[in-house]
Amino acid sequence: ATVSVLNWERSRENHTMADKIVMFDDMEQIRIYDPEKYTSAVNLQEAATEFVDKLEKFQTVVTNVVNSVSQQGHQIDQQKLKAIGLKLKVKGESELRKRKEAELKLRVKEKQMELDRYVAEHNYLRKVEQEQRQLIERLSFTE
């Protein structure tokens with residue numbers, strides 16, 4: 001706080017002390033300042049305080065942006081993991097379908113072989129039946 005403004009005039013070694021500001025500092029010591037330097041120091045202190053306030057606001061904004069980017073990065077990582085999981089699932093489905101297809105083709109081949117065997121047996125039995133009928137007819141005419 002400013003105690004008083006002294007208007008001194010002193011002529012010792014050609015120095016004058018006119019219009020000086022006398023104050024007590026934080027340690028209760030008396031300080032004498034030039035008004036221009038004092039005003040300049042006060043302005044500088046106000047500018048520094050304003051700068052610190054702006055810096056704190058900027059730091060808050062940066063913190064918010066970093067948190068937001070971090071959160072979005074986390075969501076992106078989750079989506080990547082989900083996509084990788086789906087890709088593996090699709091690949092697994094594809095492999096499963098290929099195995100199932102091979103299995104079904106094998107079953108079709110087996111059934112086709114079974115059908116061919118039944119057709120051949122059916123043809124053989126028809127031939128035997130026809131031969132037996134012919135034999136029966138021959139035996140019935142001969143009697």
Side-chain angles (χ1 to χ4, degrees), residues 1-8 10 13-143:
T2 304
V3 173
S4 66
V5 176
L6 299 176
N7 292 321
W8 295 4
R10 193 167 98 176
E13 299 176 345
N14 295 329
H15 292 291
T16 61
M17 276 190 79
D19 295 327
K20 301 289 180 182
I21 296 175
V22 176
M23 345 180 11
F24 291 100
D25 64 7
D26 293 338
M27 302 182 92
E28 305 292 327
Q29 299 290 322
I30 294 178
R31 300 287 178 210
I32 300 174
Y33 298 106
D34 277 336
E36 289 177 15
K37 290 181 181 177
Y38 177 76
T39 304
S40 175
V42 168
N43 289 340
L44 181 61
Q45 185 177 8
E46 289 172 358
T49 302
E50 186 178 323
F51 176 75
V52 168
D53 290 343
K54 286 181 180 180
L55 192 60
E56 287 173 352
K57 288 178 184 177
F58 178 72
Q59 186 175 4
T60 302
V61 169
V62 168
T63 301
N64 290 340
V65 168
V66 167
N67 289 341
S68 177
V69 168
S70 176
Q71 189 177 34
Q72 288 177 353
H74 181 69
Q75 289 175 349
I76 289 169
D77 288 343
Q78 286 179 334
Q79 291 299 323
K80 281 182 181 179
L81 290 174
K82 191 175 182 180
I84 290 170
L86 290 173
K87 182 179 177 182
L88 292 174
K89 185 176 181 181
V90 166
K91 186 177 180 181
E93 286 287 326
S94 175
E95 290 174 4
L96 180 66
R97 285 183 183 177
K98 286 179 183 178
R99 277 185 285 171
K100 189 84 166 170
E101 182 181 2
E103 196 177 288
L104 290 174
K105 283 181 180 180
L106 181 63
R107 285 187 66 195
V108 166
K109 187 176 180 180
E110 289 172 352
K111 294 296 181 182
Q112 185 63 46
M113 288 172 50
E114 189 177 345
L115 177 64
D116 291 345
R117 188 172 43 89
Y118 286 144
V119 167
E121 187 178 334
H122 178 70
N123 289 338
Y124 171 75
L125 289 174
R126 286 180 81 192
K127 185 178 175 185
V128 169
E129 179 186 20
Q130 188 179 14
E131 288 175 359
Q132 286 178 354
R133 283 183 193 227
Q134 286 176 356
L135 181 64
I136 290 174
E137 277 184 34
R138 262 187 302 161
L139 288 175
S140 1
F141 283 124
T142 41
E143 285 184 14

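These values consider heavy atoms only, across backbone and side chains, with no hydrogens, waters or symmetry-generated copies.
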For this session: Could you tell me which residues satisfy side chain to side chain donor-acceptor pair (under 3.5 Å) with Tyr124, sequence neighbours excluded, listed by chain and number?
Result: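 Tyr124 satisfies side chain to side chain donor-acceptor pair (under 3.5 Å) with no other residue.
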
Exercise. Taking the side chain as C-beta and beyond, is there a heavy-atom pair between Asn43 and Glu46 under 4.5 Å?
Worked result: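 In contact.
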
Problem set entry | Minimum side-chain heavy-atom gap Lys111-Leu115 below 4.5 Å |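 Heavy-atom side-chain distance check fails, nothing below 4.5 Å.
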
Can you list the residues that meet the salt bridge (charged side-chain N to carboxylate O under 4.0 Å, His left out) rule with [X], with sequence neighbours excluded?
{"X": "Glu110", "value": "none"}
{"X": "Glu121", "value": "none"}
{"X": "Arg133", "value": "Glu129"}
{"X": "Glu50", "value": "Lys54"}

For this session: Give the intermediate values and the outcome of side-chain hydrogen bond (donor to acceptor under 3.5 Å, both in side chains) for residues Asp116 and Gln112.
Result: CA-CA 6 Å; Asp116 291 345; Gln112 185 63 46; 3.1 Å; yes

Exercise. Within a radius of less than 6.0 Å around CD of Gln78, do more than 12 heavy atoms belonging to other residues, nucleotides or ligands occur?
Worked result: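 More than 12 within 6.0 Å, yes.
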
For this session: State whether the number of non-hydrogen atoms from other residues, nucleotides or ligands found under 6.0 Å of Gln45 atom CD is greater than 12.
Result: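 Open: at most 12 neighbouring heavy atoms sit under 6.0 Å from CD of Gln45.
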
Exercise. Please, which pairs that meet salt bridge (Lys or Arg N to Asp or Glu O under 4.0 Å) have at least one residue in residues 84-99, sequence neighbours excluded?
Worked result: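 Pairs touching residues 84-99 that pass the test: none.
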
For this session: For side chain to side chain contact (heavy atoms under 4.5 Å, CB included), just list the numbers for Tyr118 and Glu114, CA-CA rounded to whole Å, side-chain angles, deciding distance to a tenth of an Å, and then say yes or no.
Result: CA-CA 6 Å; Tyr118 286 144; Glu114 189 177 345; 3.2 Å; yes

For this session: Indicate yes or no for a side-chain donor-acceptor contact from Thr60 to the backbone of Glu56 under 3.5 Å, with no hydrogens or angles considered.
Result: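 Confirmed, Thr60 side chain pairs with Glu56 backbone.
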
